[in-house]
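Worksheet: one structure, shown below.
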Amino acid sequence: MSSVAVLTQESFNEHRSGLLPEQVKAAVAGPSGAEDEDSLPTYKDAFPPLPEKPLPEGVQETGNAWTSKIKPLKSSAITQVFHVPLEERKYKDINQFGEGDQAKVCLDIMHKTGAHLELSMAKDQGLSIMVSGKHDAVMKARKEIVSRLQTQASATVAIPKEHHRFVIGKSGEKLQELELKTATKIQIPRPEDPSNLIKISGTKEGLEKAKHEILLISAEQDKRAVERMNIEKVYHPFITGAYSKLVGELMQETGARINVPPPSVNKTEIVITGEKEQVALAMVKIKKIYEEKKKNATTIAVEVKKSQHKYVIGPKGNTLQEILDRTGVSVEIPPLDSSSETVILRGEPDRLGQALTEVYAKANSYTVSSVSAPSWLHRFIIGKKGQNLAKITQQMPKVHIEFTEGEDKITLEGPTKDVQIVQGQIEAVVTDLVSRMDYTEISVDPKFHRHLIGKGGANINRIKEHHKVSVRIPPDNEKSNLIRIEGDPQGVQEAKKELLELASRMENERTKDMIIEQRFHRAIIGQKGEKVKEIRDKFPEVIINFPDPMQKSDIVQLRGPRTEVEKLEMPVCMRLHIFNHFHTEYLTAKPNLVTVTGRPEQVDEAIDHLLNLEEEYLSDVVENEAKMAYMKPSGSTASSMEEPRGPSKGFVVREAPWATGNEKAPDMSSSEEFPSFGAPVTNARSSPWGPKRF
């Protein structure tokens, strides 16, 4: 980390006396002073002439002020990836990843800045955010991400009061640029405030970058000596020392201010400011440390699993600082985005062994273990809103527990002893759940799923509460026919039986549209629905729907179990073919076709009666035709038969005995002369439809 040296007025005057005349003049002029005349452009430089005529072939055009300033076009859209470590995440609930407050914040950032954000979870539970868009939008989005998704820290940096305006810049542009660049919030004291402390708030990485940039600005404006030394980045830890102790001692000894770029800033330049003698002394000491380490230090490379690198680094890099403090050896870890597993140790040969031992100890101080648990039990282990899991994590906060969907295991990661304790607790929970819980799956056609759920979930909620089980019916977009039931073994079986019965009933359900003239609907329904109520009481599983009278529809809908609907089908329609003669005599419908409508028993009785009428009619027709043939006189014509004969004389026969003799014709009304062949039938019961047909 960087340290701060406070500039006093005395040191400032001493430093200024040692500056070159050109530096003093530039310092006095400041950014708002008049520029030196030699630096002003000439008219020809400011307004270069255009070429008068095209050049001949083969002659190359020399560059001028117009062509030299033309730069290739670049894409206006950029993409940057920001990583938020787990310990610095503001929203750490993994169950709400992609939703909740974190999702709302991301949407708000995209809306405010116009940049596009994509979030992903790293294996170490850190948050990776890819931001794409225009440069300004990406920078604004980065600042919003840091301030709203990352925990904030604060620090102060002291620079001379007169340097504050250079940090602010013209109209605050420099300050805004610096805040965007470092994703921090920088508060500079007002002019009337005598304090020279600038407060910075943001992430640890942002604080280091902002402090470094502010000190650079101050160093540029400082009237003292400013020197820059290019030192290889790998030797910076030896100059700063563990916890920046060494660089602090150097600044105290020399009185110079030494600004070493933090590890997160990929720069090799170390800036030293102060009095000329102090700066020179500091440069000598830094150069001595660098040359000594470069000469004596050796390196060894070891392979450490990528998943164990974070244990070597430690929270906020503390473990690396501990190793450097105890052994004087610097440990170099590959970047997070690198797939390399090689860790490099750099230091004195006789100290490398101890450092290597500590690296392995830190890497193995944490362990990864797993517990076998059926995936369907995971949510019971977690508990409602994570209550069960919270009891374990509160006792062992260093243990990370990971549930992977679809896998029959639970992954544990953390200190070895803690992991063993948590593993025992989870195994006990799994054993208990397996002993008293069961699950089953049933197959039901997706078209019946909504009927199983019921209106507002009434059916499925009743089954859940009654049998104390959990039922998962797949959503429509999954197009799955598997329904999963979990819970107490007995409850699971009972719920399974009930759901299968409901499904079977629905599969056997039938819907039939009956055509009944609307004028008969009121007669079927009855006064105040009495008749249709009788039908519904007799067939409670069948739903009868009559159309609205305003619709003028003849369709009556029946819905229910197939067998019950068939019993209730009304009206029953049967079609009979009869002779044209009978149909012409009695009916006026279509030829040879009679439709009988009514209740089944009444339809059968009506059909019998119609068939009996048919038989009587046909027998009368045959008998009349025979009589007409017998009574027709020979040689007579149709015209003679149709002639009027006058009053009827009764029953007349030819060549009768009484026609030629003196005998009297018999009296047809006399029972003596025409006695009956049998006694009259009394109490004869006749059917209203005529004789019964067998």
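To the nearest 0.5 angstrom, H164 atom NE2 is 7.5 Å from L197 atom CG. Distance check: T156 OG1 to Q187 CD gives 11.5 Å after rounding to the nearest 0.5 Å. Atom CD1 of I231 and atom CE of M229 lie 4.0 Å apart (nearest 0.5 Å). Rounding to the nearest 0.5 Å places CD1 of I239 at 5.5 Å from NE2 of H236. Note: S201 OG to K185 NZ = 8.0 Å, rounded to the nearest 0.5 Å. If you take OG on S330 and CD1 on I323, they are separated by 10.0 Å, rounding to the nearest 0.5 Å.
With contacts defined as side-chain heavy-atom distances shorter than 4.5 Å, the pair D136/K134 does not qualify. Side-chain atoms of I344 and I300, non-hydrogen and from C-beta on, never get closer than 4.5 Å to each other. Counting only heavy atoms from C-beta outward, the side chains of T254 and V284 never approach each other to under 4.5 Å.
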Test S132 against H116 for side chain to side chain donor-acceptor pair (under 3.5 Å), laying out the working first. CA-CA 5 Å; S132 56; H116 179 70; 5.3 Å; no
Would you sort out whether N364 and Q308 count as a side-chain contact (heavy atoms from CB on, under 4.5 Å), showing the intermediate values? CA-CA 8 Å; N364 297 320; Q308 294 178 316; 3.4 Å; yes
Please determine whether side-chain contact (heavy atoms from CB on, under 4.5 Å) holds for the pair H400 and L412, giving the CA-CA distance in whole Å, both sets of side-chain angles, and the decisive distance to 0.1 Å. CA-CA 6 Å; H400 172 65; L412 310 177; over 6 Å; no
Go through E253 and K285 one step at a time and tell me if the salt bridge (charged side-chain N to carboxylate O under 4.0 Å, His left out) criterion holds. CA-CA 10 Å; E253 290 177 10; K285 288 184 174 291; 3.5 Å; yes
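Side chains of E144 and T113: a donor-acceptor N/O pair is absent below 3.5 angstrom, by distance only.
Listed by first and then second residue, the side-chain hydrogen bond (donor to acceptor under 3.5 Å, both in side chains) pairs involving residues 409-420 are K310-E413, Y311-E413 (not counting sequence neighbours).
No donor-acceptor distance shorter than 3.5 angstrom exists from the side chain of T184 to the backbone of I186, with no hydrogens or angles considered. Remark: the backbone N or O of E358 is not paired with any side-chain donor or acceptor of R326 at under 3.5 angstrom. Checking side-chain atoms of T404 against main-chain N and O of E407 turns up no donor-acceptor pair under 3.5 Å. Between the S218 side chain and the L215 main chain, no donor and acceptor come within less than 3.5 Å of each other. Not a single donor-acceptor pair under 3.5 Å links the side chain of T319 to the backbone N or O of P315. Although no hydrogens or angles enter the test, the distance criterion places a donor-acceptor pair under 3.5 Å between the side chain of Q321 and the main chain of Y243.
Among residues two or more places apart in sequence or in another chain, the side-chain contact (heavy atoms from CB on, under 4.5 Å) test is passed with K209 by R142, T182, E205, S264, V265. Residues satisfying the side chain to side chain donor-acceptor pair (under 3.5 Å) test with E173, not counting sequence neighbours, are none. Listed by chain and residue number, Q425 satisfy the side chain to side chain donor-acceptor pair (under 3.5 Å) test with Q395 (two or more places apart in sequence, or in another chain). D108 pairs by the side chain to side chain donor-acceptor pair (under 3.5 Å) definition with R148, not counting sequence neighbours. With sequence neighbours excluded, the residues forming a side-chain contact (heavy atoms from CB on, under 4.5 Å) with L207 are A153, A155, I200, listed by chain and number.
One finds no salt bridge joining K245 and E249 here, because no Lys/Arg side-chain nitrogen approaches an Asp/Glu carboxylate oxygen to under 4.0 Å. Under the 4.0 Å criterion applied to side-chain N and carboxylate O atoms, E213 and K181 are assigned as salt-bridge partners. Looking at E192 and R190, a side-chain N of the basic residue comes within less than 4.0 Å of a carboxylate O on the acidic one, giving a salt bridge.
Between V399 and V419, the shortest heavy-atom distance links the atoms CG2-N, 3.9 Å. The heavy-atom pair separating G241 from L324 by the smallest distance is C-CD2, 3.9 Å.
Among L281, T240, V260, I289, the one residue that satisfies the side-chain contact (heavy atoms from CB on, under 4.5 Å) test with L250 is I289.
Taking the ring centre of F238 as origin, the terminal cationic atom of R346 falls outside the region bounded by 6.0 Å and 45° from the ring axis.
At most 12 heavy atoms of other shown residues, nucleotides or ligands fall within 6.0 angstrom of atom CG in N266. Within 6.0 Å of NZ in K398 there are 12 or fewer heavy atoms belonging to other residues, nucleotides or ligands.
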